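Take a look at the structure below.
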There are 2 protein chains.
Amino acid sequence: MLTSQRRALIAARLVRDGQIVAGELAQELDLSEDTIRRDLRDMAAAGLLKRVHGGALPLAPPLPDLESRQAMSTGVKQRLGRKAADLVRAGQLVFIDGGTTNAELVQALPRDMALTIATHSPAIAALLEKHRAEVILIGGRLYKHSMVSTGAAALAAIGTLRPDIFFLGATAIHAAHGLTTGDYEEAAIKRAIAAQSAETIALMTREKFGTVSPHHITGIENIAALILPADMEPDTSAPYRQKAVRIIEA
Amino acid sequence: MLTSQRRALIAARLVRDGQIVAGELAQELDLSEDTIRRDLRDMAAAGLLKRVHGGALPLAPPLPDLESRQAMSTGVKQRLGRKAADLVRAGQLVFIDGGTTNAELVQALPRDMALTIATHSPAIAALLEKHRAEVILIGGRLYKHSMVSTGAAALAAIGTLRPDIFFLGATAIHAAHGLTTGDYEEAAIKRAIAAQSAETIALMTREKFGTVSPHHITGIENIAALILPADMEPDTSAPYRQKAVRIIEA
DNA sequence: ATAAATCATGCAATATCGTGCAGAGTCAAG
DNA sequence: CTTGACTCTGCACGATATTGCATGATTTAT
């Protein structure tokens, strides 16, 4: 790898990850830490980044999490994920279901928060690489459609956990039929996690409201909170408010 | 080869690979590095590329995904991964270790092959989403450095499997000390998988040869095959040939 | 307060570079 | 056909750049 490529990579990483850890990058690129440090030193002298002990940071820290990111990302799922992340406290055991909305939740979690995160989604687990959190991966047979662990092994592993919060993903929500999903095994897993957890919180986008899928997960009354988009029709969300569910608008 | 042909080749390589390394190209074309350097110098003066120490880069480089390609040297890992994929047969139970080389192996697997793949790496599991293969995910506490499941839960899950092939990743290989890695727990897991598997196959890039890490996985004699780059110094690979290991050059 | 990690610096080994020069090939004028 | 100008190429050599290691200083974590 050419020197200039390496420096371009450093610049790209800074944008992508918001930080560079000298030791990690040295190992990843199979170089001595001295080389990385020299790069960082030179690039800092050239005004490309800010040198800090242990690595480097971007010069203009993109005001994280709050204003700039909210301004930048107008995605509904990002907004839901951010609201969900606000509910997480250090020290908790949090179970995160699969799905793209929950992936946004992970992205919105502060990277240095000390907590334990359990998941049966390999994609969610992989996203947590740069986080300080302890990660417990639930194994099992992967259900191909939604890419989460299912089966007896997964159920057994879930039985050993008592999560404080379960962030549930479902394919449909209905005032009468509650939360439902498309696969039998998947529904069983979600039920098991919910049964173990102190609180279950559902993140739902607009198009899922009022729909029903074949397999029942749990009723609305068992949900501690429902996170939904702020710009929904009031009529649509009204039935859930009546069920005494806590509604969080994002 | 005419000069203009050579320069056209350089331009094409720049588009294809995103980089030119003067020494490599000189060797490949059986020319002196001086000639290549002169080409690069002239083409840089003509505004066709950007000259850097060691070679040249395109003027306006970045395809967005170029960064990830640059990170993995020059496709050595792809070549290793392809050779490894050739060893897999339909119907087998294959255990795939974590790591970027094994990720290339997954990419090289035919998507419609019917087999079962077990892994304790969430990243590997996530890559298998589009494959027809049945996937068994080994759960456990994620060891953060290499992002694979470790601990009692992982060991127990591994104990239920009898893989036909185990594609092992290690951080070091040494003729006397065998295969080693940097973490105690990780080594224990790898040993357990190897013990269950009919064959263990190691994929190793050049820089790992002759090095030793703190924790022992297994001896060379227990490896059914060793996949290594074809362009290695014969002296380096000789000790492993003598150990009656099957050597596959990629 | 003590240990561990990170850092800056100097040094040596290696890689790469630019320049000058010489041999080989090309081409056109003589 | 010969000659000379020109170009291309490879080699030699000193200059420069890059890298890894050792050392002692500094910072951070416990």
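Predicted model only: the values in this text are computed from it and were never measured.
A donor atom on one side chain and an acceptor atom on the other are not found under 3.5 Å apart for Thr200(B) and Ser197(B).
Nearest-nucleotide assignment on DNA chain D puts the 5′-proximal partner with Thr35(B), out of Leu2(A) and Thr35(B).
The interatomic distance linking Leu25(B) (CG) with dC17(C) (P) rounds to 12 Å, in whole Å. If you measure from atom CG of Asp39(B) to atom C1' of dC17(C), you get 15 Å, rounded to the nearest angstrom. Spacing between atom CD1 of Ile20(B) and atom P of dT16(C) amounts to 14 Å, rounded to whole angstrom units. Per the geometry, CD belonging to Gln5(A) stands 15 Å off C1' belonging to dT18(D), to the nearest Å. When rounded to the nearest whole Å, the span between CD of Gln27(B) and C1' of dG10(D) equals 16 Å. When rounded to the nearest whole Å, the span between CG of Asp30(B) and C1' of dC8(D) equals 16 Å. Computed from coordinates, the Asp42(B) CG to dT19(C) P distance equals 12 Å when rounded to whole Å. When the P atom of dT19(D) is taken as reference, atom CG of Leu40(A) falls 13 Å away, rounded to whole Å.
Across Thr171(B) and Thr181(B), no two heavy atoms sit closer than the pair OG1-CA, 3.0 Å.
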Which atoms of nucleotides 4-10 of chain C (N or O only) lie under 3.5 Å from a protein N or O atom, and what are those distances?
residue : atom : partner  : partner atom : Å
dT6(C)  : O4'  : His53(A) : NE2          : 3.3
dT6(C)  : O3'  : Gly54(A) : N            : 3.0
dC7(C)  : OP1  : Arg51(A) : NH1          : 3.1
dC7(C)  : OP1  : Arg51(A) : NH2          : 3.3
dC7(C)  : OP1  : Val52(A) : O            : 3.3
dC7(C)  : OP1  : Gly54(A) : N            : 2.4
dC7(C)  : OP1  : Gly55(A) : N            : 3.4
dC7(C)  : OP2  : Arg37(A) : NH1          : 3.2

- Task: Test side-chain hydrogen bond (donor to acceptor under 3.5 Å, both in side chains) on Ser237(B) and Arg241(B) and set out the steps.
- Result: CA-CA 7 Å; Ser237(B) 57; Arg241(B) 296 179 199 276; 3.3 Å; yes

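Taking 4.0 Å as the cut-off between side-chain N and carboxylate O, Glu249(B) and Arg206(B) do not count as a salt-bridged pair.
Using a 4.0 Å cut-off, no side-chain N or O of Thr3(A) falls inside it from OP1 or OP2 of dA15(C).
Applying the salt bridge (Lys or Arg N to Asp or Glu O under 4.0 Å) criterion to Glu129(B), with sequence neighbours excluded, gives no partner residue. In terms of the ring pair (Phe, Tyr, Trp, His ring centres under 6.0 Å) criterion, residue partners of Phe95(B) (sequence neighbours excluded) are, by chain and number, His120(B), Phe166(B).
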